[in-house]
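Structure record follows, encoded as structure tokens.
Hydrogens, waters and symmetry mates play no part in the numbers below; they use all other heavy atoms, side chains included. Just so we're clear, the structure is a prediction, and the values are computed from it rather than from any experiment. Chain letters run A, B, ... following the sequence lines, proteins first, then strands; residues in each count from 1.
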Amino acid sequence: MLLKLTGGRVYDPAHNQENVVRDIYIRDGRIVEKPADGRVDHEIDVRDKVIMSGAIDMHTHIGGGKVNIARTMLPEDHAAEVYARTELLRSGTGHAAPSTLTTGYRYAEMGYTAGFEPAVLPINARQAHMEMHDTPIIDKGGYVMLGSDDFLLRMMAANSDQEAINNYVAWTINHAQAVGLKVVNPGGISAFKFNQRKLDLDEKNDFYGVTPRDILHRLSTAVNQIGVPHPLHVHGCNLGVPGNMQTTLDTIQGAEGLPMHLTHIQFHSYGTEGDFKFSSGAAEIAEAINKHKNITVDVGQILFGQTVTASGDNMRQFAGAPHSHPNKWVCMDIECEAGCGVVPFKYKDQSYVNALQWMIGLETFLLVNDPWRIFLTTDHPNGAPFTSYPHLIKLLMDKTFRNDTLATLHPEAQKATNLASIEREYTLYEIAIMTRAGAAKLVGLADRGHLGVGAAADITIYSDNDDREKMFAKPDYVFKDGELVVRNGEVQKITWGTTHVVKPEYDVGIEKPLQQYFDKYHTMKLSNFKISNDEIIDDGRGSLTIQPLHKGGKL
Amino acid sequence: MNDANTATTWQEIASPFCGIAADDLVIEVNGNRIKVLENGDAVNTPAFETPIGDIQPRIQGKEVTLEQAVSHIAEQLCSARQPLIGGMGTDLNGARAAMALADKSGAIVDSQFSPAAFRNILVLQDTGYMTTTLTEVRNRADVIVMVGSDIESSFPRFFERVVWPAESMFSVDINQRKIIYLGKPPSADASTAPDGRKAQVLACDDADLPEVLSVLRALINGKTVQADMVGGIKVSDLQQLTDTLKAAKYSVFAWSAMQLNYDHAEASIQMLCEAIKELNKDTRSSGLPLGGKQGDTTVNAVASWQSGYPMRSSFQRGYPEYDPFIFDSRRMLAENETDLLIWVNAFNVEGTPPESSAKTFVIGRSGMQFETEPEVFIPVGVPGIDHAGRTFRCDSVVSVPLKKLRDSGLPSVFDVLSAVEQAL
């Protein structure tokens with residue numbers, strides 16, 4: 001069946017198309033050429049409407065142990081927001097930590113067609129995939145975490161060569177069914193288990209004697225050499241610590257030209273100036289990002305209200321637990337591999353610190369010049385639930401709205417940055433880059449994020465509206481693999497997205513030391529640790545899409 | 001594949017029967033007969049070796065086809081006023097099917113072991129906790145305190161797999177590992193170190209445990225305690241325990257919520273968990289809640305991610321509702337608050353439904369026998385024996401794949417409940 005979308009205003013930055021009026025043809029889930037005979041089976045008139053590829057959330061906590069701990073811990077979050085069952089839709093709940101069915105529906109309703117869980121513990125990858133399997137419509141994938149796992153740290157302490165580390169990284173990405181590699185507080189999660197309460201970039205882990213800088217270097221080199229498109233995804237040292245902007249600047253320098261993605265950079269951009277000893281480092285950080293073309297970032301914007309922070313960074317979550325709201329929290333040490341911390345939190349506009357955090361995120365968006373290297377996230381749910389993205393887009397595109405909001409915040413905070421004087425307003429084209437074309441390129445999705453022939457027909461169509469929050473909250477049409485899944489902001493059809501993975505090559509010889517490690521120290525067998533392709537396909541709703549590696553990827 | 005002459009041996013098989021999910025079992029399969037060759041124990045071996053019994057579904061004791069049984073359940077479910085899906089002894093996909101069915105039919109969902117599980121869940125939902133997992137304990141713990149629990153009676157291989165491994169990663173001298181019992185004493189010798197050193201026992205009754213834990217927490221916080229004795233334990237012994245914990249590098253408190261079988265045990269667990277948080281001011285310490293046998297951790301996890309709530313939730317109003325006191329299935333059945341019970345237990349032939357006035361439909365492990373014949377009985381296979389699946393371990397981070405070991409032809413809970421949902 002050939003579907004034609006007629007006369008829309010296309011924003012396809014991957015093909016340099018900004019507001020180009022043209023038709024789009026869809027057949028069998030793909031965008032195809034205009035048929036030679038011009039015959040179509042079905043046509044939708046989308047004249048005057050804005051068309052973009054389906055949006056891609058490249059960092060959102062949607063599946064895995066810590067997300068589920070957050071759900072179980074917060075029945076009051078769910079009771080406040082319930083979704084009744086319909087003929088088509090399962091029931092669900094939740095605002096900050098929604099149930100998986102609700103997550104898929106709400107994302108699709110906003111025109112998102114893919115979401116990526118950024119903190120997949122290898123030992124918990126099975127659960128992350130189970131939860132994403134139960135998330136309807138959107139495509140999914142995960143970045144698997146290394147960097148505080150004892151296997152890697154032992155290798156580094158023994159000065160293993162880079163090739164051995166490359167093998168281990170490639171093996172892990174394969175068997176956790178991941179699309180990228182993540183590191184959280186490199187070596188710090190491990191250090192906390194040895195009772196270290198902080199770990200700076202050049203500070204040694206008490207037991208292993210390796211520094212975060214060493215770990216970042218080894219892992220970013222590995223990712224680069226094995227040809228994984230997504231750069232090493234870094235949750236840096238000292239998250240949330242006033243003064244951590246220096247750590248971030250040093251981390252950027254320390255990347256030494258290798259591709260590196262710094263995530264939720266807002267939480268890593270704090271100075272210590274002023275009466276509150278808490279100030280914005282956004283200007284310096286933005287300058288460093290602008291200068292170092294190998295660096296990409298996502299912001300991790302905070303928005304005011306109740307949410308929950310769920311992170312692999314047990315060290316920093318434990319430190320932040322006294323600020324939990326409500327007063328309950330979880331901190332875990334996990335399997336000599338990783339950790340996690342779940343701390344509910346309320347961001348208040350009358351708090352100097354929270355107001356400044358809000359401003360720092362926006363400053364960062366507005367001062368970074370290249371929309372291909374900065375991405376729109378709230379680190380859901382850490383900064384705010386993902387359902388607040390339309391509000392965030394409005395803040396970026398509408399200076400008056402932004403400054404009006406600014407004027408309601410803590411009075412001292414308003415004076416603490418130059419946000420009010422920043423004139424820039426994001427354009428639709430830049431939003432399309434940040435949420436579609438750039439995101440697909442960053443994650444390594446060859447056939448998504450664009451509207452050219454051959455792309456998967458993940459398409460979102462909006463009515464243009466000066467109120468950008470209204471516009472982005474409720475697209476007119478959302479297509480997923482060519483199926484109309486959402487109409488006027490309501491789900492029409494349930495489909496199940498694919499799981500994107502990469503399969504870098506590795507030498508099976510790595511399984512010898514791994515087998516020994518598992519047999520000697522672990523409480524699970526290596527053979528049972530690996531996740532088979534069949535598990536992803538499961539009851540038939542799931543599928544695997546293997547994305548290409550960079551050319552020249554080698555061991 | 002029922003040739004009785006060909007035996008196959010399977011390696012690295014995981015057990016869904018015990019919460020610590022040992023996955024090193026060696027199992028021989030001969031036709032439909034299962035024999036545990038290596039690494040079995042008092043829990044796993046009988047659970048694997050229970051033979052298949054009836055294979056034909058029954059309505060009111062009469063044999064019927066699976067389709068007829070499923071139809072009958074669906075029909076009755078439609079007219080039920082307050083249906084309950086209970087037991088929930090199943091694996092990942094069985095739990096998924098149960099949740100989908102509950103959503104569609106407006107049922108209440110609870111598991112057979114929820115009285116134990118909720119002693120921990122209520123603490124999570126009120127103040128939270130700091131916990132650890134089995135591999136961490138195996139390698140890192142220098143002090144392990146068993147609280148109110150005779151761990152080896154419920155988890156026979158816990159000591160072998162977690163406490164006394166041959167080697168550990170951080171040069172913790174296993175023989176120097178201090179094991180202390182606070183509460184119930186050990187029933188046997190699993191807690192004795194390889195070098196013969198016995199565990200220290202500070203014995204007290206369950207009834208005294210709340211007070212003992214309060215005093216321990218007070219001492220951890222540097223408070224002065226006037227009494228000399230609490231619950232039959234010398235306060236000076238508790239002070240010594242406190243000193244040991246503060247000097248430890250990584251102390252672990254292990255408990256089995258099922259064995260803390262007294263009213264408001266969750267308040268004791270909370271006291272302990274708050275004390276653990278306070279110990280972490282200067283050193284490292286974590287809790288290790290053990291439990292989760294026969295799929296219990298799995299069903300709570302699946303319910304939480306699919307509905308937002310763990311067990312004891314209801315879909316009566318068309319959206320998920322949660323009330324750990326009202327939707328307690330044991331209470332509801334005892335007080336005749338439900339008119340229809342779908343009882344799911346694919347793991348344990350002895351796990352039959354409680355007596356009640358509800359019309360009862362059992363989706364049970366083949367081999368189940370009943371004092372009172374249920375309205376419908378559908379014999380099903382066991383996850384990890386009759387069909388592949390996945391189950392969670394008690395520390396809820398790790399899940400293990402379950403394999404299909406024999407071709408008995410028995411349906412799975414997923415097959416049956418999905419069919420009922422479709423027939424609605």
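Atom NZ of Lys346(A) is surrounded by 12 or fewer heavy atoms from other residues, nucleotides or ligands within 6.0 Å. Within 6.0 Å of CZ in Arg197(A) there are more than 12 heavy atoms belonging to other residues, nucleotides or ligands. Residue Lys204(A) places its NZ atom among 12 or fewer non-hydrogen atoms of other residues, nucleotides or ligands, all under 6.0 Å distant. Heavy-atom contacts from other residues, nucleotides or ligands closer than 6.0 Å to NZ of Lys249(B) number 12 or fewer.
Aromatic ring centres of His78(A) and Tyr309(B): separated by under 6.0 Å. With ring centers used as reference points, Phe170(B) lies under 6.0 Å from Phe207(A).
Contacts between Tyr208(A) and chain B at a heavy-atom distance below 4.5 Å involve the side chain alone, from C-beta outward. Neither the backbone nor the side chain of Lys66(A) has a heavy atom closer than 4.5 Å to any heavy atom of chain B. Only the side chain of Tyr517(A) comes within less than 4.5 Å of a heavy atom in chain B; its backbone stays farther off. Both the backbone and the side chain of Glu535(A) come within less than 4.5 Å of a heavy atom in chain B. Only the backbone of Ala338(A) comes within contact range of chain B, with at least one heavy atom under 4.5 Å from a heavy atom of that chain. Contact of Asn124(A) with chain B is made through backbone and side chain together, with heavy-atom distances under 4.5 Å.
With chain A as partner, the option from Pro165(B), Ser286(B), Ser168(B) having the largest number of non-hydrogen pairs under 4.5 angstrom is Ser168(B). Top candidate by heavy-atom pairs under 4.5 Å with chain B, chosen from Asp77(A), Asn195(A), Thr93(A), is Asn195(A). Note: Arg85(A) leads Lys328(A), Arg85(A), His522(A) in heavy-atom pairs under 4.5 Å with chain B.
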Full working for side-chain contact (heavy atoms from CB on, under 4.5 Å) between Glu337(A) and Glu136(B): CA-CA 9 Å; Glu337(A) 184 186 90; Glu136(B) 291 285 351; over 6 Å; no

Asp333(A)/Arg284(B) under side-chain contact (heavy atoms from CB on, under 4.5 Å): CA gap, chis, key distance, verdict: CA-CA 10 Å; Asp333(A) 297 323; Arg284(B) 291 305 324 277; 3.0 Å; yes

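A side-chain donor from one of Asn93(B) and Asp538(A) sits under 3.5 Å from a side-chain acceptor of the other. Side-chain N/O atoms of Ser307(B) and Ser99(A) include no donor and acceptor closer than 3.5 Å. Inspection of the Glu335(A) and Thr133(B) side chains reveals an N or O donor paired with an N or O acceptor under 3.5 Å. Checking Gln127(A) against Ser399(B) by side-chain atom types alone, no donor-acceptor pair falls below 3.5 Å. In this structure, a donor-acceptor pair under 3.5 Å is present between the side chains of Asp103(B) and Ser91(A).
Look at Asp24(B) and Lys525(A) and you find no salt bridge, because none of the NZ, NE, NH1 or NH2 atoms lies under 4.0 Å from a carboxylate O.
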